[in-house]
Number of protein chains: 2
Amino acid sequence: MTARTPTDAVRDIPEATVARLPVYLRALTALADQGITTCSSEDLATAAGVNSAKLRKDLSYLGSYGTRGVGYDVDYLRYQIAREIGVTQDWPVVIVGIGNLGHALANFSGFRSRGFRVVALLDADPALHEQQVAGIVVRPFDDLEQIVRENDVAIGVISVPAFAAQDVADRMVAAGISSILNFAPTVLSVPPGVDVRKVDLSIELQILAYHEQRKAHGEPV
Amino acid sequence: MTARTPTDAVRDIPEATVARLPVYLRALTALADQGITTCSSEDLATAAGVNSAKLRKDLSYLGSYGTRGVGYDVDYLRYQIAREIGVTQDWPVVIVGIGNLGHALANFSGFRSRGFRVVALLDADPALHEQQVAGIVVRPFDDLEQIVRENDVAIGVISVPAFAAQDVADRMVAAGISSILNFAPTVLSVPPGVDVRKVDLSIELQILAYHEQRKAHGEPV
DNA sequence: TGCGTTTTGTTCTCACGTTCACAAACTCCT
DNA sequence: AGGAGTTTGTGAACGTGAGAACAAAACGCA
């Protein structure tokens, strides 16, 4: 991931910072909703649940958008972060696998409000086709290629059972999708250049269980 | 309870390792299902999607459960990891907020099979009470304290809208819950000693969007 | 038994991430 | 205008994590 144009100084933002930018974005939106127009790094850090030094360092990777002695303009900073993340326009998204979880995802209002637009719901089960979920008609999985082509879809969401996930991922990649959010509890293998992020409920619970066990077993509070 | 015996030298396992142990556990289960009884660190690392040096280092924090020149006994290692995580018995879990996502969580079979048992579904909306979801009757949120007490619940799942999440968390903590898995898109503040992990769909998508934008903008593949 | 092969467990080094601490830069007040 | 008070942006120190590399330990075979 090197070799850029000389003019485009491509600050490469650390991955840990990238993962926090959406949190800052949401915190800024919350502040704006409260009518707050200016905030200090301390205020924003509190709202985002991080420490203020980290926040300032994170923001410094984007540029110098604050004013010393004053703080940050909420709307301006919000726009700058949104631009950096790339959510100033909507990204088209397809969801494959309309089971319980797929239903929930399709109905999730946060997509629309945060820069994403569900352009299609796909499922291999013919019993679901023509049904409406969240106001969108479920279509056959085989329509994937066409939908990706017509809507220029780059991001796919997988909410199928584990055994089917790799096949779906392969088809997505072949169709031109290059970012995948995977809810299936399995390791996906994809070619280089394709990003996969996974969300795994039982892993999160197991991590909690580990710490819980330690609490119970270790010192008595 | 008791302090640890001097021999039990309280290995504190790095957080990064803890987060991977469940992945290894699942990979081992997959291998066992294929009838494989022994595997090398290379095999397991491939199945888990990590590099073998990292895997061996992770396992070394637990103890020395492999055999040089041979590899790991799948069942034995699986048991050791399960024991370390604390999922050799079931953890009782309550889910609060039975909307679309709560439905999906209640029906998620991975809970049961990975060391967790949903003991109650709670919702503040009376319209849902007495309804069955995934074979469990939805009960009023006010039953929380009683349920936690009677079932010795330590882990709670929050799948309510963002505006209600902090209240639910406060009530959970007051009831004695000390680990929370939060699906609401908001920062929870909890007293020290309480663990919170969050799962946030739009944040994951925004991280993908950031990288996607870079791909499109940077080199032409 | 002893040698060669395999594979683990661990050490060492480097990269990444977090936090501290402070100079620079801005506002406000006299 | 100048000094006091704020708050940002960043350099430097520290801690954690990742990967390469290798010694130690097991096995198999002559």
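Numbered from 1 within each chain, the chains take letters A, B, ... in sequence-line order.
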(request) Classify the side chain of B/K57 versus the base of D/dG19 as yes if they form a donor-acceptor pair under 3.5 Å and no if they do not. (result) yes
(message) Regarding B/E15, tell me which of base, sugar-phosphate or nothing describes its non-hydrogen contacts under 4.0 Å with the strands shown.
(response) sugar-phosphate
(request) Return the nearest nucleotide to the side chain of A/P14; candidates are C/dC26, C/dG17, C/dT19. (result) C/dG17
(request) Nearest whole angstrom, please: distance from the C1' of D/dT7 to the CG of A/D73. (result) 15 Å
(request) Calculate the interatomic distance between B/I13 atom CD1 and D/dT16 atom P; express it in whole Å. (result) 15 Å
(message) Taking A/K198 first and then B/E204, would you say they form a salt bridge - that is, a charged N and a carboxylate O separated by under 4.0 Å?
(response) no
(request) Kindly point out which of D/dA23, C/dC26, C/dG17 is positioned nearest to the side chain of A/A16? (result) C/dG17
(message) Whether A/R56 contacts C/dC20 is assessed here as follows: a side-chain N or O lying under 4.0 Å from the phosphate OP1 or OP2. Is that the case?
(response) no
(request) Provide, to the nearest angstrom, the distance between the OH atom belonging to B/Y61 and the C1' atom belonging to C/dT8. (result) 15 Å
(message) Salt bridge or not between B/E42 and B/R56? Use side-chain N to carboxylate O under 4.0 Å.
(response) no
(message) How many whole angstroms separate atom CG of B/D12 from atom C1' of D/dG17?
(response) 14 Å
(request) Mind calculating the distance between CD (A/E42) and P (D/dT6) to the nearest angstrom? (result) 14 Å
(request) Grab the NZ-C1' distance between A/K54 and C/dC20 for me, whole Å please. (result) 14 Å
(message) Can you tell me if A/Y72 touches the phosphate of C/dC26, counting only side-chain N or O atoms and a distance under 4.0 Å to OP1 or OP2?
(response) no
(request) Give the rounded distance in Å between these two atoms: OH of A/Y65 and C1' of D/dT10. (result) 17 Å
(message) Check this one for me: any side-chain N or O of A/S64 less than 4.0 Å away from OP1 or OP2 of D/dG9?
(response) yes
(request) Look at the side-chain N and O atoms of A/S41 and state whether any lies under 4.0 Å from the OP1 or OP2 oxygen of D/dT7. (result) no
(request) Would you kindly give the CG-to-C1' distance between A/D58 and D/dT8, to the nearest whole Å? (result) 14 Å
(request) Output the single nucleotide from D/dA24, C/dT27, D/dG9 whose closest atom is nearest the side chain of A/R68. (result) D/dG9
(request) Dump the intermediate steps for salt bridge (Lys or Arg N to Asp or Glu O under 4.0 Å) on B/K215 and A/D195, then the final yes or no. (result) CA-CA 10 Å; B/K215 286 180 208 166; A/D195 281 317; 3.4 Å; yes
(request) Report the C-alpha separation of A/T186 and A/Q166 in whole Å, then their side-chain angles, then the decisive distance to 0.1 Å, and conclude whether the side-chain hydrogen bond (donor to acceptor under 3.5 Å, both in side chains) test is met. (result) CA-CA 8 Å; A/T186 190; A/Q166 183 63 58; over 6 Å; no
(request) Could you tell me whether B/D73 and B/R78 make a salt bridge, using a distance below 4.0 angstrom between a side-chain N and a carboxylate O? (result) no
